[in-house]
Amino acid sequence: DIQMTQSPSSLSASVGDRVTVTCRASQSISTYLSWYQQKPGKAPKLLIYGALSLQSGVPSRFSGSGSGTDFTLTISSLQLEDFATYYCQQTYGSRTWTFGQGTKVEFK
Amino acid sequence: EVQLVESGGGLVQPGGPLRLSCAASGFTFSSYWMSWVRQAPGKGLEWVANINQDGSAESYVDSVKGRFTISRDNAKNSLYLQMNSLRAEDTAVYYCARIRMGTIYYLDYWGQGTLVTVSS
């Protein structure tokens with residue numbers, strides 16, 4: 001099975017900061033990589049699909065990059081509403097999928 | 001508006017069964033693959049199962065294979081997860097999600113989740 005490793009597991013940041021979260025796959029997954037945002041008590045929300053495509057309605061301060069095994073989610077200027085937990089997910093092939101362990105973005 | 005509404009969660013004893021349902025609306029349900037994802041209390045997301053449009057193809061995470069069965073009724077716009085031989089480690093919020101499948105696959109809409117607690 002493909003394992004997904006996110007780093008860091010948590011980070012502290014301030015409003016306006018540039019934030020970067022990384023996700024590494026245990027084998028090449030091309031660009032079958034999505035990013036989700038989850039706030040406490042809520043369902044996850046799709047941010048990025050295909051490693052770099054922004055989901056409709058998601059602010060342009062969110063961006064994704066990478067292919068193969070290494071991927072990055074960047075928030076260019078952190079806003080109050082962005083404090084949440086972020087997950088990557090690989091969907092390589094249609095058989096078994098896996099999420100990263102999550103990165104919690106906290107207020108500094 | 002796409003809506004996914006899960007139901008059927010609750011308290012169940014270890015070894016017991018439970019069936020979750022997900023009612024879909026706002027889109028042509030029969031045209032989409034669907035998925036179940038779970039989240040144990042205070043933990044991360046875990047993909048559980050996928051099913052294709054007509055129910056002829058399923059896939060599962062190893063930890064539930066042989067115990068859980070994903071199914072659907074396109075006439076009722078409903079997705080199901082039959083869970084048998086439940087264990088304490090199956091305690092989680094269970095989400096249903098719609099899969100977008102083209103050149104890339106991803107979960108574009110999620111329900112609000114239903115809590116399953118396995119305890120004696």
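Values in this document were obtained by computation on a predicted structure and should not be read as measured data. Note on naming: letters A, B, ... go to the chains in the order of the sequence lines (proteins, then strands), and numbering restarts at 1 for each one.
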Check whether B:Asp62 gets within reach of chain A through its side chain, its backbone, both or neither, counting any heavy atom under 4.5 Å. side chain

Would a 4.5 Å heavy-atom cut-off, applied to side chains only, mark B:Tyr105 and A:Tyr92 as touching? no

Please report the closest heavy-atom contact between B:Leu107 and A:Phe99, naming both atoms and the distance. CD1-CZ, 4.3 Å

When you group the ILVMFWY residues by side-chain heavy-atom contacts below 4.5 Å and let the links chain together, are A:Val21 and A:Val15 in the same group? yes

Tell me whether A:Phe62 is reachable from A:Val105 by hopping between hydrophobic residues (I, L, V, M, F, W, Y) whose side-chain heavy atoms are closer than 4.5 Å. yes

Mind jotting down which residue pairs meet the salt bridge (Lys or Arg N to Asp or Glu O under 4.0 Å) criterion with at least one end in residues 69-89 of chain A? Sequence neighbours excluded, please. A:Arg24-A:Asp70, A:Arg61-A:Glu81, A:Arg61-A:Asp82

Would a hydrophobic clustering, with Ile, Leu, Val, Met, Phe, Trp and Tyr connected at side-chain separations under 4.5 Å, put B:Tyr80 with B:Val12? no

At what distance, to the nearest 0.5 angstrom, does CH2 of B:Trp47 lie from CD of A:Gln89? 9.5 Å

Please output the residues of residues 26-43 of chain A in contact with chain B, using a heavy-atom cutoff of under 4.5 Å, in numerical order. A:Thr31, A:Tyr32, A:Ser34, A:Tyr36, A:Gln38, A:Lys42, A:Ala43

For B:Gln39, is it the side chain, the backbone, both, or neither that has a heavy atom closer than 4.5 Å to a heavy atom of chain A? side chain

Please evaluate residues B:Tyr106 and A:Thr91 with respect to the criterion side-chain contact (heavy atoms from CB on, under 4.5 Å), reporting the C-alpha separation (whole Å), side-chain torsions for both, the decisive distance (0.1 Å), and the verdict. CA-CA 7 Å; B:Tyr106 52 96; A:Thr91 58; 5.6 Å; no

For residues 89-99 of chain B, give me every residue with a non-hydrogen atom less than 4.5 Å from any non-hydrogen atom of chain A. B:Tyr95, B:Ile99

Are A:Leu46 and B:Met34 in one and the same hydrophobic cluster, where Ile, Leu, Val, Met, Phe, Trp and Tyr link if side-chain heavy atoms are under 4.5 Å apart? yes

Rounded to the nearest 0.5 Å, how far apart are CD of A:Gln55 and CZ of B:Arg100? 8.0 Å

CG of A:Leu52 to CD1 of B:Ile104: how many Å apart, nearest 0.5 Å? 9.0 Å

In terms of hydrophobic clustering (I, L, V, M, F, W, Y; side-chain heavy atoms under 4.5 Å; direct or indirect links), are B:Ile51 and B:Val2 co-clustered? yes

Leading residue by heavy atom contact count with chain A [cutoff under 4.5 Å; candidates B:Val48, B:Thr103, B:Val61]: B:Thr103

Side chain / backbone / both / neither for B:Tyr109 at chain A, heavy atoms under 4.5 Å: neither

Report, one line per pair, each donor and acceptor closer than 3.5 Å where one atom sits in a side chain of residues 111-120 of chain B; sequence neighbours left out.
from, atom 1, to, atom 2, distance (Å)
B:Gln112, NE2, B:Glu6, O, 3.4
B:Thr114, OG1, B:Gly9, N, 3.1

